[in-house]
Amino acid sequence: MEKERLVVVGNGMVGHHFVEQLVAEGGLARFDLTVLGAECDPAYDRVHLSEVFGGRSPEGLRLADPAWYAGHDIDLRLGASVQALDREARAVVLAGGERVDYDRLVLATGSVPFVPPIPGRERSHCFVYRTLEDLAAIREACAHARSGAVIGGGLLGLEAANALRLLGLKTHVVEFAPRLMPVQLDDLGGELLADKIGALGVEVHLGKGTREIVDGELGRHRLAFADGSHLECDVLLFSAGIRPADALAREGGLAVGERGGIIIDEGCQSSDPAILAIGECALWQGRIFGLVAPGYQMARAAVATLCGGSSRFGGADMSTRLKLMGVEVGAIGDGLGSTPGAQSLQLLDRSAGVYKKLVVDEGGTRLLGAILVGDGSDYDRLLGYYQQGAALPSPLLGLLTGEAAAPLTLSDSATLCSCHNVSKGAVVAAVREGHRELGQIKGVTRAGTGCGGCTNLLKKVIDETLVELGVETNDHLCEHFPFSRQALCHLVRVEAIRDFESLLARHGQGLGCEVCKPAIASILSSLWNEHVLARPHRALQDTNDRFLANVQRDGTYSVVPRIAGGEITARGLITLGEIAERYGLFTKITGGQRIDMLGARRDQLPAIWGDLVAAGFETGQAYGKSVRTVKSCVGSTWCRYGVQDSLAMTQRLEHRYKGLRAPHKLKFAVSGCTRECAEAQSKDIGVIATERGWNLYVCGNGGMKPRHGDLFATDLDDETLIRYIDRLLMFYVRTGDRLQRTSVWLEGMEGGLDYLKSVIIDDRLGIAPELESAMDAVVGSWECEWRATLSDPDKLRLFEAHLNQPSEATPPRRESRGQWVPDIAVKEVL
């Protein structure tokens with residue numbers, strides 16, 4: 001039988017998925033396939049486009065190499081822009097005049113960015129954010145820019161803003177609506193998202209209509225807003241939505257919607273039986289679907305139409321889970337509550353930066369939708385209730401607070417990955433067939449390879465199935481590294497790997513994620529102690545380490561200089577008071593015997609720390625997973641009960657370990673007698689004086705699950721005490737899991753305290769000298785991170801305010817007990 005000529009116009013994500021499905025269904029036995037892509041790059045992952053600015057290579061985004069097409073005898077033509085559709089002759093016409101004949105045609109032309117008709121939009125250094133070519137132009141323009149703005153505060157606009165942020169620009173987001181992500185979030189969700197993004201240094205401007213774009217005075221562009229205000233920037237991106245790329249179909253006489261889009265039926269056929277349309281260019285029952293998952297579903301339906309399958313497109317669940325600049329956001333179903341009779345429950349905890357909203361039916365028995373901002377841990381469970389229509393537990397409030405009964409068990413028919421339409425049953429079957437690793441399951445089922453939002457749920461289903469089979473689950477850090485944190489620490493140390501990219505190239509795959517990047521940043525800091533804001537490490541850091549300060553609930557930061565053991569001179573106290581008064585900071589003496597100065601704007605941090613460093617203070621690293629404090633009583637220096645000089649020992653311990661970064665934060669204390677005024681037995685490292693020396697307690701902690709420290713050794717002299725602490729801390733650094741407290745580390749250690757003693761005291765493994773040497777290296781390489789930052793213009797750029805303004809805006813405040821505090825409600829259950 002002679003093959004039909006099948007032409008696909010468009011080689012984006014959906015067009016490529018169509019080709020993959022056609023190959024999988026044996027369609028190449030029926031069709032000679034030609035794929036025409038307007039871009040010069042083969043199909044690539046647009047969902048993760050901004051990661052190019054975070055270090056990912058453009059080639060790393062590719063969904064398939066041209067060689068894959070050639071290997072399947074598919075004629076892939078890149079840089080082939082189709083200019084006309086001749087339906088009568090069944091041919092498409094390329095830009096150069098060449099005609100490509102077809103028997104069946106699939107239009108996967110996608111969408112084009114919407115650029116509002118603002119006077120001045122055609123100026124130089126104004127871009128859309130859509131293709132790799134766009135990214136190259138943006139990068140070049142940003143190389144000589146200090147500030148950038150994005151018009152559009154939707155999902156794509158925030159991705160574009162993240163790209164500018166990754167390029168080191170002071171970034172602004174301008175949104176016409178009164179909230180961010182207006183399609184997915186309500187007012188409270190959008191407000192909290194704006195607060196959290198603002199805390200990352202991205203300034204958000206809501207309810208702003210841009211009247212015109214003209215020359216700026218301090219920046220290249222001035223955005224003149226309809227309310228009379230303005231904003232200046234050097235680089236401007238438009239990301240105000242998309243429009244279906246339907247010009248080819250429209251001019252070719254195909255039926256299109258009133259507001260655009262090629263009209264299709266359930267088989268993705270257009271008004272011409274020979275032509276199908278899929279993806280963002282297609283209009284189904286009056287709707288354009290702007291996510292990749294519905295486009296993939298259309299691709300499968302189109303293949304079924306051509307090859308005789310049963311798949312049909314019947315709409316798509318637009319639920320989505322994503323991270324925007326590290327902020328978790330989830331939107332399920334009708335989160336805005338537009339369904340008649342719908343009721344809502346809301347939890348707003350501003351202090352924790354969390355907002356949760358459930359939309360339920362009139363009887364409160366079925367979940368209609370949900371919104372999650374700041375905490376996506378409940379997303380998978382809530383999505384299961386929504387997709388299965390399962391009865392909700394009582395009381396409903398438990399779903400918001402995390403106090404509900406056991407999580408919903410997904411049925412085998414439940415869709416786990418909507419991008420590739422993979423059910424839980426398909427994943428379970430793949431595990432039972434012998435595929436054990438997350439990467440293997442992704443390769444076999446394709447689950448988790450689309451938007452990536454189902455990855456956590458996918459891993460959970462794999463682990464649950466392995467447990468049922470009696471197979472031990474792996475301890476891989478994440479899908480990008482098939483090693484535990486302990487193994488990665490070993491590899492970094494033995495191979496002397498100094499940066500994330502080198503480790504990824506040698507022992508990982510893909511680009512990395514929000515799990516492995518900060519974990520490996522911690523490993524690199526623990527072993528080599530290089531500055532966290534050095535170029536190779538900067539993009540790996542979380543918000544606190546990125547700005548060398550803890551972000552607070554109103555988007556400002558805390559300033560915590562080191563006050564070793566709580567010991568400070570009168571002059572030092574006066575200096576701190578003067579600095580706090582100068583910058584209008586709230587002051588508090590912490591439980592760790594330091595002075596916390598709260599309410600500093602990001603752009604104020606260098607000036608504040610400049611004053612502190614000049615006065616002899618250094619960073620207390622309160623922002624890091626590191627040694628935070630060493631608490632002390634006054635010991636034998638002043639106290640009539642003291643038997644050892646706890647103040648001197650405190651000073652020695654804090655100054656020795658102040659540069660150490662670890663899997664989790666560390667707190668020490670030293671008490672000068674058994675009356676224990678410093679509460680040493682509740683610390684990771686606790687030291688209590690005796691008549692004959694020091695008793696050492698280890699692996700205690702306060703917090704949500706307090707744990708009393710274990711007595712590790714007694715009556716130690718100074719040098720032996722230091723030696724044991726050196727060994728124990730470095731052993732913890734090398735073997736602890738990601739974000740694992742010392743208490744959990746010890747509780748999970750085979751052999752427990754006795755084993756730990758045998759390693760640290762008896763040197764059972766023969767590694768004690770190496771552990772001591774490693775600690776000496778950390779101690780010897782210490783530098784005050786703020787002092788180093790103040791002398792480096794490249795690092796200081798991270799803290800700059802916008803060009804037009806001498807400073808950033810101070811968040812709203814109110815007076816309380818003689819000091820200024822954030823004017824924000826703490827917690828509301830609405």
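These numbers come from a predicted model, not from an experiment. What's counted below: heavy atoms across the whole structure, side chains too, no hydrogens, waters or symmetry copies.
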Side chain proximity check, [X] to [Y], heavy atoms < 4.5 angstrom:
X      : Y      : answer
Val373 : Val354 : no
Arg738 : His664 : no
Leu223 : His230 : no
Ser239 : Ile151 : no
Pro113 : Tyr129 : no
Leu49  : Leu135 : yes
Val202 : Leu158 : no
Ile595 : Lys588 : no

Residues Arg661 and Asp545 bridged, charged N to O under 4.0 Å:
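Salt bridge flag = yes for Asp545 with Arg661.
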Lys/Arg N to Asp/Glu carboxylate O, Glu328 vs Arg321, below 4.0 Å:
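Yes, charged N to carboxylate O under 4.0 Å.
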Look at the side chain of [X] and the backbone N and O of [Y], then say whether any donor-acceptor pair between them is shorter than 3.5 Å.
X      : Y      : answer
Gln604 : Arg601 : yes
Glu191 : Leu188 : no
Gln343 : Glu362 : yes
Arg366 : Leu392 : no
Thr171 : Leu169 : yes
Arg243 : Arg259 : no
Lys170 : Leu798 : no
Asp603 : Phe799 : no

Roughly how far, to the nearest 0.5 Å, is [atom2] of [Y] from [atom1] of [X]?
X      : Y      : atom1 : atom2 : result
Lys665 : Thr629 : NZ    : OG1   : 9.5 Å
Ile520 : Leu477 : CD1   : CG    : 6.0 Å
Leu605 : Thr556 : CG    : OG1   : 9.0 Å
Gln541 : Ser522 : CD    : OG    : 9.0 Å
Ile371 : Ile332 : CD1   : CD1   : 10.0 Å
Ser344 : Leu358 : OG    : CG    : 9.0 Å

Which pair of non-hydrogen atoms, one from [X] and one from [Y], has the smallest distance, and what is that distance?
X      : Y      : value
Tyr386 : Gly369 : CD1-N, 4.5 Å
Gly376 : Leu372 : CA-CD1, 4.4 Å
Glu175 : Gly154 : OE1-N, 3.9 Å
Asn550 : Ala622 : ND2-O, 2.8 Å
Gln297 : Gly315 : OE1-O, 3.4 Å
Val427 : Ala447 : CG2-CB, 4.5 Å

Yes or no on side-chain contact (heavy atoms from CB on, under 4.5 Å) for Cys516 and Phe500, after CA distance, side-chain angles and deciding distance?
CA-CA 9 Å; Cys516 61; Phe500 177 83; 4.2 Å; yes
Step through the shown structure and confirm whether more than 12 heavy atoms of other residues, nucleotides or ligands are within 6.0 Å of OH on Tyr583.
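Yes - once you tally the heavy atoms of other residues, nucleotides and ligands closer than 6.0 Å, there are more than 12.
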Given side-chain contact (heavy atoms from CB on, under 4.5 Å), test Gln346 with Tyr355 step by step and report yes or no.
CA-CA 7 Å; Gln346 297 162 275; Tyr355 173 64; 2.8 Å; yes
Distance-only side-chain donor-acceptor flag, [X] / [Y], under 3.5 Å:
X      : Y      : value
Lys625 : Ser525 : no
Asp596 : Thr590 : no
Arg130 : Ser111 : yes

Apply side-chain contact (heavy atoms from CB on, under 4.5 Å) to the pair Gln184 and Met318, showing each step before the final yes or no.
CA-CA 9 Å; Gln184 291 87 5; Met318 297 294 281; over 6 Å; no
Partners passing ring pair (Phe, Tyr, Trp, His ring centres under 6.0 Å) against Tyr557 (at least two apart in sequence or in another chain):
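Residues passing ring pair (Phe, Tyr, Trp, His ring centres under 6.0 Å) with Tyr557: Phe547.
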Only counting residues at least two apart or in another chain, list the ones meeting ring pair (Phe, Tyr, Trp, His ring centres under 6.0 Å) with His205.
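With neighbours one apart ignored, the set is His172.
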Could you list the residues that satisfy salt bridge (charged side-chain N to carboxylate O under 4.0 Å, His left out) with [X], not counting sequence neighbours?
X      : result
Asp187 : Arg179
Arg628 : none
Lys357 : Asp186
Glu159 : none

Test Asp195 against Arg350 for salt bridge (Lys or Arg N to Asp or Glu O under 4.0 Å), laying out the working first.
CA-CA 9 Å; Asp195 289 344; Arg350 292 189 186 275; 3.7 Å; yes
Please determine whether side-chain contact (heavy atoms from CB on, under 4.5 Å) holds for the pair Val183 and Met181, giving the CA-CA distance in whole Å, both sets of side-chain angles, and the decisive distance to 0.1 Å.
CA-CA 6 Å; Val183 175; Met181 293 182 65; over 6 Å; no
